[in-house]
J.: 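The structure follows.
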Amino acid sequence: MNYLNIHPEVQKALDNNQAVVALESTIISHGMPYPKNLETALMLEEEVRKNGAVPATIALINGKIKIGLTKVELTFLAKEGLKVTKTSRRDIPYVLAKKLTGATTVAATMIAADKAGIRVFATGGIGGVHRGATETFDISADLQELAKTNVAVVCAGIKAILDLELTLEYLETLGVPVLGYQTDELPAFYTRKSGFKVDYKMKNPKEIADLLKAKWNLNLEGGVIIANPIPKESALDFDVMTKAIDQAIIEQNKLGIKGKESTPFLLAKVKELTKGKSLESNIELVKNNVILAAKISVEYIKN
Ligand code: PSU
Ligand code: MN
């Protein structure tokens with residue numbers, strides 16, 4: 001039985017070796033409120049097109065893994081919001097078998113993109129090792145996925161709600177390259193600086209595409225992280241963000257929020273504490289990532 005349902009436009013692009021960029025849907029359902037989430041999802045697809053690639057937003061709908069969504073489907077996901085199942089690797093079989101609606105996380109989007117033959121994926125932030133993970137063991141399944149699935153993930157670095165240092169150590173163990181786009185410092189999502197280094201600074205999309213080819217031509221399975229700093233004019237103040245995040249984590253612990261609810265809770269709390277400022281930055285950084293992903297995918301399909 002074929003669980004994949006690829007949108008005809010995406011299928012045509014793949015058949016003709018044209019550039020395609022995968023986009024996740026958890027950011028729509030769980031990452032932003034309606035109607036900003038819908039506007040953003042549509043804007044991101046438009047930016048991919050403007051930069052020479054075909055967008056493929058991914059979600060699980062009615063027993064199928066949909067690669068490329070219609071506007072009706074995007075609107076449905078955006079309106080349903082938190083009612084949609086946040087779907088990571090372990091949730092995929094249940095959501096498909098029960099014909100539920102699933103928004104894909106970074107891990108699940110990578111799996112779907114890989115099955116469709118899409119090699120470049122853009123998002124805002126990836127999951128990672130949570131602060132306090134030495135006690136809680138809360139380490140996102142995104143990291144294990146990056147170890148085994150051949151998809152490049154363009155993101156704005158590693159979000160400061162996580163433990164950046166442990167996340168980098170974990171990625172090193174798993175053999176996942178962390179590249180910095182025109183920077184040797186790891187960006188921290190809302191801010192351009194984190195105090196940590198990336199593995200390699202890359203100067204343009206072609207250099208990145210060449211690295212991807214070297215990795216996968218050698219069958220070195222797994223993904224690559226391309227950390228793209230938020231544009232200067234959209235970056236938030238480091239100290240303000242640090243305070244908001246520390247506060248969000250205190251509230252999370254007080255309420256005993258754990259597991260898959262943790263990341264959406266922290267993101268929503270930080271947004272509340274920054275009076276919505278983090279949402280505007282979030283939209284700008286994803287847009288920036290989608291543009292870079294489109295350029296990398298255009299280079300990647302060249303021989
Ligand atoms: N980081 C963000 N925004 C998000 C997420 C991460 O800045 O919306 C989402 C992504 O879909 C990511 C998921 O894959 O959260 C990670 O969740 P967890 O930590 O439960 O693995
Ligand atoms: Mn987790």
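We count ligands from 1, going down the list as the structure has it; atoms in each ligand are counted the same way.
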J.: So which of Leu267, Thr109, Ile139, Ile27 gets nearest to atom 4 (C) of ligand 1, if we judge by its closest heavy atom?
T.: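 Answer by nearest heavy atom: Leu267.
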J.: Does Ile126 form a side chain to side chain contact (heavy atoms under 4.5 Å, CB included) with Ile225? I'd like the steps, not just the answer.
T.: CA-CA 9 Å; Ile126 57 165; Ile225 293 176; 3.5 Å; yes
J.: Could you tell me whether some N/O pair between Phe189 and ligand 1 is separated by less than 3.5 angstrom?
T.: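 Such a contact does not occur with ligand 1.
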J.: Test side chain to side chain contact (heavy atoms under 4.5 Å, CB included) on Ile139 and Tyr170; report intermediate values, then the result.
T.: CA-CA 9 Å; Ile139 300 172; Tyr170 200 85; 3.8 Å; yes
J.: Report yes if Gly125 has an N/O atom closer than 3.5 Å to an N/O atom of ligand 1; otherwise report no.
T.: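 Looking only at distances, the answer is yes, because the N/O contact criterion of under 3.5 Å is met.
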J.: Please tell me whether Met202 and Trp216 are part of a single hydrophobic cluster in this structure, the criterion being side-chain heavy atoms less than 4.5 Å apart.
T.: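 Yes; tracing contacts between hydrophobic side chains, which count when under 4.5 Å, links both residues.
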J.: Using a 4.0 Å cutoff against the non-hydrogen atoms of His130, which atoms of ligand 1 qualify?
T.: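 So the answer, numbered in order with elements, is 19 (O).
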J.: Does any N or O in the side chain of Thr149 come within less than 3.5 Å of the main-chain N or O of Leu146, such that one atom is a donor and the other an acceptor?
T.: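 Absent.
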J.: Can you pull out the closest protein heavy atom to atom 21 (O) of ligand 1? Residue, atom name and distance to 0.1 Å, please.
T.: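 For atom 21 (O) of ligand 1, the nearest protein heavy atom comes out as Ser140 OG, 2.6 Å.
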J.: Which ligand 1 atoms does Thr263 reach within 4.0 Å, using its non-hydrogen atoms?
T.: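 Matching atoms, with element in brackets: 15 (O), 17 (O), 18 (P), 19 (O), 20 (O).
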J.: Picking from Thr167, Val224, Ile158, Asp199, what satisfies side chain to side chain contact (heavy atoms under 4.5 Å, CB included) with Val178?
T.: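 Testing each of Thr167, Val224, Ile158, Asp199 against Val178, the sole residue satisfying side chain to side chain contact (heavy atoms under 4.5 Å, CB included) is Asp199.
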J.: Show me which atoms of ligand 1 lie under 4.0 Å from any heavy atom of Lys86.
T.: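 In order of numbering, the contacting atoms are 17 (O), 18 (P), 20 (O).
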J.: Among all the protein's non-hydrogen atoms, which is closest to atom 16 (C) of ligand 1, and how far away is it?
T.: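 Nearest neighbour among protein heavy atoms for atom 16 (C) of ligand 1, to 0.1 Å: Asp142 OD2, 3.7 Å.
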J.: Who pairs with Glu272 by side chain to side chain contact (heavy atoms under 4.5 Å, CB included), at least two apart in sequence or on another chain?
T.: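 Glu272 satisfies side chain to side chain contact (heavy atoms under 4.5 Å, CB included) with Lys269 only.
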J.: What part of His30, side chain from CB on, backbone N/CA/C/O, both or neither, has a heavy atom under 4.0 Å from ligand 1?
T.: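 Within the 4.0 Å criterion, His30 makes no contact with ligand 1.
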J.: Using the rule that Ile, Leu, Val, Met, Phe, Trp and Tyr join whenever any side-chain heavy atoms are under 4.5 Å apart, tell me whether Ile27 and Ile291 fall into a single cluster.
T.: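 As far as the 4.5 Å side-chain criterion goes, Ile291 and Ile27 are not connected within one cluster.
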J.: Run the contact test for Lys159 against ligand 1 with a 4.0 Å cut-off on heavy atoms, strictly below, and give the result.
T.: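 It does; at least one heavy atom falls under 4.0 Å.
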J.: Compute whether any side-chain donor of one residue and acceptor of the other, for Thr57 and Glu45, lie under 3.5 angstrom apart.
T.: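 Yes.
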J.: How does Thr26 reach ligand 1, by side chain, by backbone, by both or by neither, if only non-hydrogen atoms under 4.0 Å count?
T.: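 For Thr26, only side-chain atoms sit under 4.0 Å from ligand 1.
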J.: Do side-chain atoms of Thr26 reach the backbone of Thr104 as a donor and acceptor pair under 3.5 angstrom?
T.: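 Checked: pair present.
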J.: Has Thr136 got a side-chain atom pairing as donor or acceptor with Asp138's backbone, closer than 3.5 angstrom?
T.: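 Side chain of Thr136 to backbone of Asp138, a donor-acceptor pair under 3.5 Å: yes, one is there.
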J.: To check you understand the geometry: which heavy-atom pair defines the closest contact between Gly125 and Glu24, and what is its length?
T.: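 Between these two residues, the closest heavy atoms are O-OE2, 4.4 Å.
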J.: With a cut-off of 2.8 Å, which protein N/O/S atoms are close to the Mn ion (ligand 2), if we only count those under it?
T.: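 You should have found Asp138 OD1.
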J.: Would you say Asp114 and Asn150 are linked by a side-chain donor-acceptor pair, where the criterion is simply a distance under 3.5 Å?
T.: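 No - no donor-acceptor pair under 3.5 Å links their side chains.
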J.: Which of the numbered atoms in ligand 1 are under 4.0 angstrom from any heavy atom belonging to Glu24?
T.: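 Those qualifying, in numeric order: 10 (C), 11 (O).
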J.: With heavy atoms under 4.0 Å as the rule, classify the contact between Asn282 and ligand 1 as side chain, backbone, both or neither.
T.: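 No part of Asn282 is near ligand 1 at this cut-off.
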